[in-house]
Structures are given as C-alpha cells and as structure tokens.
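Below, read A as the first sequence line, B as the second, and so on, with proteins coming before strands; counting in each chain starts at 1. Atoms considered below: every heavy atom in the structure, side chains included; atoms not considered: hydrogens, waters and symmetry mates.
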Amino acid sequence: MKVRTRFAPSPTGFMHVGNLRTALYAWLWARKNRGVFMLRIEDTDQARFVEGAEEVVYKTLRTAGLNWDEGPDIGGDYGPYVKSERKDMYLPYAKQLVESGHAYYCFCTKEALDERRAKVEAEGGTFKYDKHCLNMPKEEIERRLAAGEPYVIRQNVPTEGKADFDDAIFGHIEVDCSELDDMILIKADGMPTYNFANVIDDHTMGITHVLRGMEYLSSTPKYNLLYEAFGWEKPTYVHLTTIMRDATHKLSKRDGDATFEDLVNAGYLPEAIINYLALVGWSPGDEREFFTLSELKDAFSLEGLSKSPAIFDHLKLRWMNAEYIRRMDGKAYFEKAKPWLIKAGVGEIAEKPENEEIFTRILQPRTEIFSDIAPNVDFLAKLDEDYDTELFTNKKSKTDAEVSKNVLSEVIPLLESLREWNETAIHDALIGFAAEKGMKNGTLLWPVRIAMSGRTVTPGGAIEIAALLGRDETMRRLRLGLDRLVRQTAGVL
RNA sequence: GGCCUCGUGGUCAAGCGGUCAAGACACCGCCCUUUCACGGCGGUAACAGGAGUUCGAUUCUCCUCGAGGUCACCA
C-alpha cells in the first residue's frame with residue numbers, strides 16, 4: 001500500500017520547532033517510501049483564530065523545503081483539506097456507531113457534569129462518566145431528540161477487557177478499559193471533538209502512518225477502539241518524543257522559546273535548522289551529522305527514532321549553523337551577509353567591490369549566525385572615540401601607552417606617504433617597518449588596530465581594517481589615538 | 001492521585017548479553033597567529049539506585065527513585 005502521511009497543524013500564527021520536526025519526520029517518511037505527504041489545517045478552534053496563520057504554515061514549510069502533495073491550497077483527491085470545511089462529515093459516522101452499539105446519545109448537561117466532577121476531584125478522586133444515558137429507552141431518546149433537547153454522542157467503552165495498539169517506537173501499549181472514560185465524540189453544537197475528527201479524517205484521507213506528538217500516546221488505545229468498532233484498518237502509529245527546553249520544561253512559544261521564524265530572522269539558515277532538528281530525537285545509526293534534505297530522506301528510518309525526550313541545544317544548533325556558513329561558497333556568503341552589513345551601517349564600505357573579498361575573508365569564519373555580524377563590524381561605521389586608552393596596553397604584544405604613542409607617531413607619516421591604499425601596500429609598509437626596527441609585528445600592529453577600532457577584539461587585523469576604513473578615516477583615527485595618548489601623558493586626561 | 005511512557009558524560013547520541021562503553025556539541029590544555037575567531041593536536045567527563053535471571057549484565061525481569069505525558073462538550 002502506498003504510504004500516506006500528514007501534517008495537521010492548528011494554525012496558531014507561528015510554528016515552533018517541535019511542530020516543524022514532526023512535519024519533517026512525516027515528510028521524510030513519505031518521501032523515503034515514494035508516498036504522499038499531505039497537509040491538513042486544523043482550524044476548528046475559532047477562539048484561537050489568528051489572521052494569516054495559515055500562511056505562516058505554508059511559508060514555514062516552504063522555507064524548510066518540505067513540499068506537500070495534497071493540501072488546502074493545491075487540492076487533492078481526499079479533500080477538503082481544511083477541517084472547518086469537513087464539519088458535516090462526522091455526525092453520520094457517529095450515528096453509525098450508535099447503531100452498532102459502540103456509542104450512545106447522552107443528554108446530561110455540561111453544568112451538571114462539571115458539578116459532579118468538581119465534587120469528585122475535590123475528594124481526590126478521578127471523575128468518570130457513569131454511563132447514565134446508556135440504557136435510556138429508545139422511545140425516550142426519540143422523544144427528547146424530537147423535542148430538540150441538546151445532546152452529545154459518547155463513545156461506549158467496554159467495561160472490561162483491554163484497549164491496546166502497537167506503536168512503531170514504543171511497541172505494544174495496553175490499558176484496562178475500566179480506566180477509560182466514555183469520551184464525547186460529537187459535541188452539543190454538533191461538531192466533533194478533536195480526537196474523533198482525527199480518527200475519521202485519518203481514515204477517510206487514507207493515512208497509513210500517523211506521526212504525532214507523545215501527548216497522544218496514552219489516549220491512542222481508546223481511539224483504536226473506534227477503528228475496531230468501524231472495522232477499519234488501523235494506521236501505523238509513530239509517537240514522537242517531546243523537545244524540551246531543559247530537563248523539566250518543554251519548548252514553548254509562551255515561555256519565550258524561539259520559533260522557526262525567530263531563528264531564521266536571527267540569521268540561522270533553514271537548512272541548518274532542519275539538519276539539527278532531524279538529529280534531535282533521531283539518529284542515523286552511524287556518525288554522520290551533516291545531511292541535506294535529500295540525504296536525510298535516504299537515511300531516515302523509524303528505528304532510529306528515540307524513546308526519550310531531548311533537550312534542544314541552542315549551542316549545538318549555533319555550531320551547526322556556523323559550520324554551514326563556513327562551508328558556503330564565498331560569493332554566496334557575501335550575498336547573504338550584505339543585508340546584515342547594511343543593517344550594521346557599513347553598507348557604503350561593503351559596496352566597494354575591492355572590499356567584498358576582505359569582508360568575506362574576515363567575517364565568514366567568524367559568523368556563527370548572521371546576527372553576529374553587526375556587533376562585529378559596527379565600529380567600522382563609527383568609532384567610539386571615548387574608548388579607554390588602557391586598551392593600548394597589552395602584555396603579549398609588548399605594548400603600553402608609551403610604546404603605542406611612539407608607534408603611532410611613526411606609523412602616521414609612514415601610511416600617509418603611501419601612494420596606493422590597498423591591503424598589499426599597507427601590509428608591506430607596516431610589516432617592512434616592523435622588520436626594519438626589529439620590532440615584533442604585534443607590537444606595531446596592536447596600537448594601530450586599537451586606534452582604528454577602539455576595541456581589543458575585532459574581526460580581521462590592523463591591515464584589513466585599514467583597507468576597509470580607507471585612507472582618510474584611517475588617518476583620522478590614528479591621529480585621534482595619538483592625540484589622546486599625548487594628552488594623557490601630559491596629564492590632561 | 002490513577003493510568004501510560006521514558007532514564008548512557010553538562011547536552012545530543014551509538015550500543016540491541018561478553019566493547020578499554022563510540023562520535024558530536026560544550027568545557028579545559030597545547031600548537032598556529034597581527035587581537036578574536038577559524039584550523040590542527042590532546043584531555044576531563046556517563047550506564048539513576050537496589051534486587052534478581054545468567055558463566056557473564058548498560059543490554060532481560062521486578063522494585064525504588066526521578067522526569068514527562070494524560071485524565072475537558074480544547075486542539
């Protein structure tokens with residue numbers, strides 16, 4: 001039979017990474033088996049309706065590279081693909097169950113039930129519906145129905161025996177029927193409850209493999225009873241472990257955990273996110289860590305799925321993203337980095353063709369996520385002229401205020417006399433000068449870099465920075481540095 | 001609280017009766033070096049605890065402990 005998997009998000013306006021991973025695994029399994037991956041939007045919760053939320057789902061999946069074969073936007077043979085458009089499909093199925101004795105009408109009001117539940121729970125017990133309406137005479141049911149009394153339809157769970165199912169990851173799961181409550185299938189407003197609708201949808205849409213979160217594991221035996229009542233073939237269940245923020249909390253938007261969109265906006269590459277996500281809760285069984293979507297498709301297997309929850313490790317994601325960036329072609333890197341350079345205020349410098357290669361060379365190995373760029377290069381746009389002159393003192397480079405003052409006063413005329421202003425010319429002048437004076441390169445270059453950047457840590461060294469800054473700005477900053485050192489020595493500062 | 005599930009270094013994770021218990025991230029050290037990175041080399045670090053079964057348990061069983069999930073006319 002052809003494999004059919006689905007991703008059925010409820011459109012909340014964002015996609016957190018746990019959801020995305022579920023979609024990824026469902027996609028992978030479908031693709032690996034040359035099956036069908038379909039999208040179904042669970043939009044029945046009007047209370048949580050968010051404008052444009054469906055678009056977020058589409059956009060996220062597209063950005064992540066997970067294409068679907070059937071869905072609300074492209075149709076298919078098993079539509080409609082939006083839950084709200086399927087709302088009339090469920091009642092007949094529920095009635096069929098009533099006919100066969102697997103379900104029954106219940107006229108108990110929510111208020112009365114809530115009251116009883118509250119009482120039982122107050123005493124520390126677990127409330128369970130007592131099947132009060134199960135044995136209501138047919139005539140009474142007819143009469144009350146005809147009178148237009150509100151009703152729900154409940155599943156008639158056997159009072160004894162076991163309910164069970166087999167999970168592809170967790171194996172055989174079994175529970176006593178006596179533990180199970182007679183769940184409502186159809187609500188008083190005529191709408192199905194989520195789980196009932198899911199059973200009907202998954203069956204009528206021909207789903208063969210249900211990949212979903214762990215939270216459904218314990219209720220699955222109960223819904224399997226429904227499949228048996230209908231005489232339908234059960235899908236293969238694959239319950240996925242939860243992605244945690246730490247040992248005791250799961251990842252959640254509410255608690256400020258990043259969504260897929262947040263990560264992309266922060267400068268993570270979608271391919272890196274997907275690659276990392278695939279490895280949280282799944283292992284290829286060998287030592288490979290880097291996968292394209294296509295490679296993942298080939299390597300993916302249900303056996304590699306983990307049974308225990310995994311903590312989302314931002315640090316490892318960051319590392320993986322950095323690795324993806326380092327492996328980029330330099331040209332491609334610069335294209336990606338450019339908007340971030342512009343945002344950092346160095347657009348003008350980045351515009352100059354001769355600077356593209358310099359930026360790429362100094363930034364690419366230092367970019368773990370693209371948002372790292374701005375704080376790294378903003379000093380090029382504007383020098384913080386109040387930097388601490390203590391920065392000129394560096395033990396390893398053998399510099400202090402006095403040495404720096406002397407270096408700057410010699411370097412200024414030297415650079416000023418350069419005919420050409422480019423990396424080679426600056427390099428030769430500076431390194432040549434150090435050699436001539438028998439100075440450590442560091443002793444000469446440290447003060448120059450400090451004066452140009454006002455920072456002890458910079459991407460690239462003095463030569464690259466001077467080239468990027470250009471002659472005028474370099475000279476201005478060097479003179480400023482010298483001036484500050486002179487005034488300090490004179491006791492003015 | 002009842003029920004279900006899980007439990008290998010700080011994190012991800014291999015292992016599926018016999019291993020000196022992989023690998024990656026993180027961390028630490030050294031090298032490279034024009035600062036910081038990158039890169040190279042090396043290092044610290046784990047089978048939750050207790051009973052069984054077995055010639056032999058990380059691996060099988062049970063208990064304890066810990067963690068998560070679930071018990072709605074929400075999805």
Side-chain angles (χ1 to χ4, degrees), chain A residues 8-10 12 42-45 47-48 83 106 108-110 113-114 117 121 124-128 150-154 167 169-170 173-176 178-181 183-189 191-195 197-198 213-221 239 241-242 244 246-250 276 279-289 303-304 306-320 322 326 362-368 376 394 396-397 427 430-431 434 440-446 448-450 453 455-465:
Chain A
S10 112
T12 55
E42 307 270 339
D43 65 344
T44 45
D45 193 354
R48 283 192 242 171
K83 187 61 135 288
C106 172
C108 297
T109 66
K110 184 179 193 310
L113 257 23
D114 281 349
R117 173 177 293 113
E121 284 174 358
T126 304
F127 178 77
K128 209 182 130 189
Y151 68 92
V152 301
I153 295 179
R154 284 183 185 273
D167 186 274
I169 305 175
F170 295 97
I173 307 286
E174 187 177 82
V175 62
D176 271 330
S178 61
E179 296 287 338
L180 273 21
D181 199 5
M183 274 287 302
I184 289 173
L185 268 21
I186 298 291
K187 302 186 276 183
D189 63 2
M191 291 294 116
T193 51
Y194 173 82
N195 281 294
N198 250 271
M214 266 298 275
E215 62 268 29
Y216 300 102
L217 190 74
S218 55
S219 54
T220 302
H239 287 96
T241 58
T242 315
M244 311 290 285
D246 54 48
T248 56
H249 304 277
K250 57 178 169 180
Y276 172 70
L279 264 16
V280 178
W282 173 78
S283 162
D286 54 35
E287 285 174 19
R288 282 179 297 165
E289 288 204 286
E303 291 72 44
S306 172
K307 282 184 170 183
S308 42
I311 297 173
F312 188 89
D313 186 354
H314 281 270
L315 231 42
K316 182 139 188 183
L317 201 216
R318 191 175 241 282
W319 165 79
M320 181 159 273
R326 282 176 215 127
I362 67 174
L363 253 23
Q364 190 170 2
R366 272 170 260 251
T367 308
E368 294 190 306
N376 259 307
N394 180 267
K396 200 176 150 214
S397 299
H427 172 274
L430 256 19
I431 300 299
K440 243 181 103 154
N441 284 342
T443 309
L444 176 81
L445 296 169
W446 180 273
V448 175
R449 195 173 57 86
I450 295 301
S453 66
R455 292 215 184 138
T456 157
V457 173
T458 56
I463 295 159
E464 290 93 338
I465 292 171

> For A:K316, which residues count as a side-chain hydrogen bond (donor to acceptor under 3.5 Å, both in side chains) partner, sequence neighbours excluded?
Replying inline: A:E289
> How does protein contact run along nucleotides 19-28 of chain B, one letter per nucleotide 5' to 3', with B for base contact, S for sugar-phosphate only, - for none, heavy atoms under 4.0 Å?
Replying inline: ---BSBSS--
Under 3.5 Å between N/O atoms: give me all the protein pairs with nucleotides 60-70 of chain B, atom names plus distance.
| from | atom 1 | to | atom 2 | distance (Å) |
| --- | --- | --- | --- | --- |
| B:A67 | O2' | A:A247 | O | 3.3 |
| B:G68 | OP1 | A:T248 | O | 3.1 |
| B:U70 | O4' | A:S218 | OG | 3.4 |

> Can you find a heavy atom in the side chain of A:I169 that is under 4.5 Å from one in the side chain of A:H239?
Replying inline: no
>> Under the rule for salt bridge (Lys or Arg N to Asp or Glu O under 4.0 Å), what residues qualify as partners of A:D246, not counting sequence neighbours?
In response: none
> Side-chain N or O of A:K307 less than 4.0 angstrom from OP1 or OP2 on B:C16?
Replying inline: no
>> Under the rule for ring pair (Phe, Tyr, Trp, His ring centres under 6.0 Å), what residues qualify as partners of A:F170, not counting sequence neighbours?
In response: none
> According to the Watson-Crick and G-U wobble definitions, with both distances under 3.5 Å, which nucleotide is paired to B:G52?
Replying inline: B:C60
>> Checking contacts here: which listed nucleotide (B:A75, B:C36, B:A13) is nearest the side-chain heavy atoms of A:K396?
In response: B:C36
> Should B:G7 form a Watson-Crick or G-U wobble pair with both distances under 3.5 Å, which nucleotide is its partner?
Replying inline: B:C65
> For A:D176, what residues pass the side chain to side chain contact (heavy atoms under 4.5 Å, CB included) criterion, not counting sequence neighbours?
Replying inline: A:K162, A:S178, A:E179
> A:R366 side chain: which of B:U11, B:A75, B:U35 is closest?
Replying inline: B:U35
>> Can you tell me if A:R117 touches the phosphate of B:A72, counting only side-chain N or O atoms and a distance under 4.0 Å to OP1 or OP2?
In response: yes
>> Looking at B:G29, which nucleotide sits across from it as a Watson-Crick or G-U wobble partner, both distances under 3.5 angstrom, or is there none?
In response: B:C41
> For B:C36, what is the paired nucleotide under Watson-Crick or G-U wobble rules, both distances under 3.5 Å?
Replying inline: none
> Of the nucleotides B:U5, B:A37, B:C71, which has the atom closest to the A:T126 side chain?
Replying inline: B:C71
